[in-house]
Amino acid sequence: MAGVHTVEGHAKGGGLHTLLGDLDPKQQEAVLHGDEPLLIIAGAGTGKTTTLAHRVAHLITGGVNPARILLLTFSRRAASEMLRRADSALRRAEAAARAGGAPTNGGAERPPPMASIPAGSRVWGGTFHATAARLLRIHGRDIGLDPGFTIIDRADSEDLMGAVRTRLGLSRNDRRFPQKSTCLDIYSHCVNTRHPLEKALRTHFPWCAEHADELRRLFSGYVDRKAEGSVLDYDDLLVFWCGLLSDPAAGAAVRARFDRVLVDEYQDTNALQAEILALLRPDGRGLTVVGDDAQSIYAFRGATVRNILDFPTQFQGTEVITLDQNFRSTPAILDVTNRVIAQARERYEKDLWSRRPTGERPNLVTCCDEDEQTRFVVTRILEHREQGVPLRKMAVLFRAAHHSLTLEMELGRRNIPYHKYGGLKFMETAHVKDLVAFLRLAENPRDEMAGLRVLQLLPGVGPRRAAEFLGLLREAPGALSSSDVDSTEAPGDGSDAAGIPAPDVSRSDPAPSPGPFAAWHQVRPPEAAAALWPGLVRLMDGLSVADPGPPSVQVERVHAFYRPIAEGLYDSPESRLADLEALARLAVRTPDRARFLADMALDPPSWTGDLAGPPVLDEDYLILSTMHSAKGLEWDAVFVIHAADGNIPSDMSTGSAEEIDEERRLFYVALTRARDYLYVCCPFRYHTVPRRPADPFGYAQVSRFLSPDVRSVMGFETAEALLAHDTDGGTGEGRLAADRAGCVTVADIRAAIKSSW
DNA sequence: CTACCGGAACTTTTT
DNA sequence: GTTCCGGTAG
């Protein structure tokens with residue numbers, strides 16, 4: 001390994017050797033690199049996670065205090081995976097050091113880092129947003145931010161934007177004023193890209209350009225409203241973190257917390273995040289970023305690939321290391337994926353290669369229609385399972401969350417367990433939001449959206465009265481007392497706060513203390529709500545005492561109050577109540593309410609996964625995922641479905657060459673998830689999604705990304721052929737397809753393929 | 001004021 | 001199929 005920077009003097013222990021043993025030379029170089037800014041261009045499947053995890057482990061064995069390392073990842077899942085691997089690397093290094101070179105190593109100068117406390121868990125790890133939230137709780141006061149803030153999710157941000165929009169009368173006069181979600185998109189775009197409104201409108205929302213002035217008023221109203229409620233939306237977390245760092249005193253304090261900063265998936269960061277990094281590490285020393293420009297897929301959210309491309313010029317003395325040996329996929333698969341990405345206009349030239357045996361060609365699978373595609377996928381998946389591939393090592397990927405609907409129904413019918421990533425349904429459901437709103441209101445009585453939601457659950461209480469009752473809280477004297485010992489500076493994943501004694505909550509009569517909801521004792525509720533009102537007040541008072549008990553208990557108490565309301569509100573309350581029980585189980589993991597609420601906003605549970613709880617571990621289940629959520633993951637067999645033009649690239653994103661390029665990279669991400677087997681399915685006939693009575697069917701073409709050049713290295717099969725051989729389902733279901741009136745024949749399909757070249 | 005009904009317009013990806 | 005608006009009855 002020539003050219004390795006041996007800045008760390010102690011890079012010679014037997015332990016370190018083990019640490020590096022599994023890595024290829026370039027990865028080793030990345031792990032051992034010293035203090036200067038480091039950019040790792042890591043192609044798909046090149047062992048990026050391994051490298052980063054080893055680098056963290058290396059830093060720790062080199063004497064860096066884990067609590068002074070900041071690891072910024074794209075999701076919480078990615079962070080914990082990374083830290084888990086760093087720990088196991090550390091453990092191996094430690095074991096080797098003890099076995100081998102222990103005597104020479106002057107004894108107990110360094111305490112053994114792990115054993116009982118995994119070192120990785122003391123590292124600051126998480127998303128930019130989650131990290132911002134933690135830092136702002138600790139340091140926010142220094143810039144005048146109430147540390148008792150609550151975080152509102154996308155839906156609440158939209159509602160708040162909608163409320164301001166209505167109050168400004170923007171929905172009334174002008175019917176064509178953009179709707180609240182678009183408004184929030186524009187706002188968010190401006191904040192994250194740091195572009196002025198005009199530019200944002202011109203480049204991304206030209207149809208809204210005429211409303212620039214109203215939008216400006218709307219946005220400033222939105223900002224004020226958030227300030228009044230002491231709530232932060234996702235963008236605020238970054239904005240205030242950035243502001244915190246810009247403050248001379250507070251900024252210095254935050255900078256002083258960290259010696260090393262490592263950033264994963266750097267290609268998907270935006271201008272604001274880049275600014276945060278620059279403020280955090282002004283000269284780039286101790287900064288490591290990892291990414292792949294070919295996998296940049298979040299431009300729609302303000303991410304810019306310029307961050308990664310310009311990194312070397314931004315920080316003097318940057319070392320760039322490119323990882324291009326792929327350890328994941330077979331050469332046959334790489335041959336396809338390299339050709340797909342080669343069509344991109346602007347990119348780092350970087351073809352991935354592999355030492356693995358060639359493997360099977362990826363197949364382009366043509367299907368008559370969606371049903372046939374579904375049956376093909378299920379049949380082939382079961383075949384693979386017969387051959388010994390567990391379900392959890394297979395995944396079905398698609399562009400939009402709803403693309404898997406029919407597949408999900410079929411899986412359900414056949415009792416094949418699955419887990420779907422992407423599409424955040426759980427937190428989106430009304431009943432879950434209802435329940436969480438109670439907790440949020442207790443945490444922050446000024447949280448307007450939470451308050452309105454809670455109050456309007458009562459019969460006879462609409463927007464008007466809800467606003468009135470909520471206003472009473474604002475003048476209340478007892479508001480905002482969370483200033484106490486909140487600054488549990490404990491870094492890592494707050495594993496402290498173990499034994500909070502839960503006070504007997506059955507009858508907590510907080511009569512003496514004028515809590516934040518004291519004003520509600522005087523309220524004379526409307527007739528219809530009279531029966532429920534005292535219960536609500538008692539509940540809120542109980543949740544506002546100094547120690548309201550662990551979140552799971554709080555959820556139960558809200559549940560008790562909410563259940564009869566929900567039962568009257570929804571047609572089939574059973575499944576919804578089950579969700580609420582799942583929520584209570586979920587809350588058990590979190591020691592305190594603020595943390596629980598932050599988690600729910602920043603890292604909402606993906607429905608099925610957490611519903612079932614731990615036992616899911618020994619079950620086998622198929623993975624369904626949007627292409628976006630598949631980032632960073634890998635499976636033995638991957639099925640990409642709905643690979644038709646219009647789905648990928650999505651019709652919504654074919655406006656500009658940039659958008660199409662992003663869709664191409666997204667497709668590339670999907671394909672590069674596969675280790676051994678890859679199927680790309682394209683159904684040719686669609687039942688028209690929006691109602692267009694003239695033409696009940698649409699005929700699709702294969703995605704433009706599957707150019708002749710790409711197809712020349714792919715295999716080809718038809719779903720029909722497989723299903724004909726499928727003995728058990730063949731007679732019944734295979735027939736069904738043929739019976740369907742107007743079904744396309746294989747010849748039609750071939751013709752369609754040819755014409756789409 | 002709230003609760004409810006009918007018509008209209010819209011449907012990507014996510015911290 | 002969905003949500004979002006405006007109108008109306010109580």
When rounded to whole Å, the OH to P distance for the pair A/Y298 and B/dT14 reads 6 Å
From the candidates B/dT15, B/dT11, B/dT12, the one with an atom nearest any side-chain atom of A/Q179 is B/dT11
In whole angstroms, the gap separating C1' of C/dT3 from NZ of A/K180 amounts to 9 Å
In whole angstroms, the gap separating C1' of B/dT11 from CD of A/E428 amounts to 15 Å
note: A/Q456, atom CD; B/dC1, atom P; distance rounded to Å ~ 13 Å
*asked:* Please confirm whether the shortest side-chain N or O distance from A/S650 to OP1 or OP2 of B/dT13 is below 4.0 Å.
replied: no
Q.
It should be established whether A/R165 places a side-chain nitrogen or oxygen under 4.0 Å from OP1 or OP2 of nucleotide C/dC5.
A. yes
Checklist entry - Taking the inter-plane angle between the rings of A/W520 and A/W533 on a 0 to 90° scale, is it parallel (under 30°), tilted (30 to 60°) or perpendicular (over 60°)? => result tilted
Query raised in the report: Can you find a donor-acceptor pair, distance only, under 3.5 Å between A/R154 side chain and B/dT14 base?
Result: no
Testing B/dT2, B/dT13, C/dC4 for proximity to the side chain of A/R465, the answer is B/dT2
Counting any heavy atom closer than 4.0 Å, what does A/S653 reach on the DNA or RNA strands: base, sugar-phosphate only, or nothing?
-> base
Quiz item: Are A/T626 and B/dT14 close enough that a side-chain N or O sits under 4.0 Å from OP1 or OP2?
Solution: yes
- Task: Give one of base, sugar-phosphate or nothing for A/R301, where a contact means two heavy atoms less than 4.0 Å apart.
- Result: base
Rounded to whole Å, CZ of A/F74 lies from C1' of B/dT15 at a distance of 7 Å
Assign each of A/E659 and A/L458 the nucleotide of DNA chain B bearing its closest heavy atom; nearer the 5' end lies the nucleotide of A/L458
A/L455 CG to B/dA3 P, in whole Å, measures 12 Å
Whole-Å distance, A/D185 CG to B/dT11 C1', equals 14 Å
- For A/F300 and B/dT13, say yes or no: do the ring centres fall under 5.5 Å of each other while the ring planes differ by less than 30°? yes
**OP:** Using a 4.0 Å heavy-atom cut-off across all strands, classify A/P463 as base, sugar-phosphate, or nothing.
**Re:** sugar-phosphate
Taking a pair to mean Watson-Crick or G-U wobble geometry with both distances below 3.5 Å, B/dC10 pairs with none
When A/S181 and A/A130 are each assigned the nearest nucleotide of DNA chain B, the 5'-most assignment goes to A/S181
Here the gap from A/S75 atom OG to A/H129 atom NE2, rounded to the nearest 0.5 Å, amounts to 13.0 Å
For A/F311, the ring-ring contact (aromatic ring centres under 6.0 Å, His included) test, sequence neighbours excluded, returns A/Y266, A/F315
The reported gap from CG in A/L706 to CZ in A/F667 (rounded to nearest 0.5 angstrom) is 4.0 Å
In whole angstroms, the gap separating C1' of B/dA8 from CZ of A/F177 amounts to 19 Å
A/N444 and A/G229 have their tightest heavy-atom pair at ND2-O, 3.0 Å
Value for OG1 (A/T73) from CG (A/D264), rounded to nearest 0.5 Å, stands at 6.5 Å
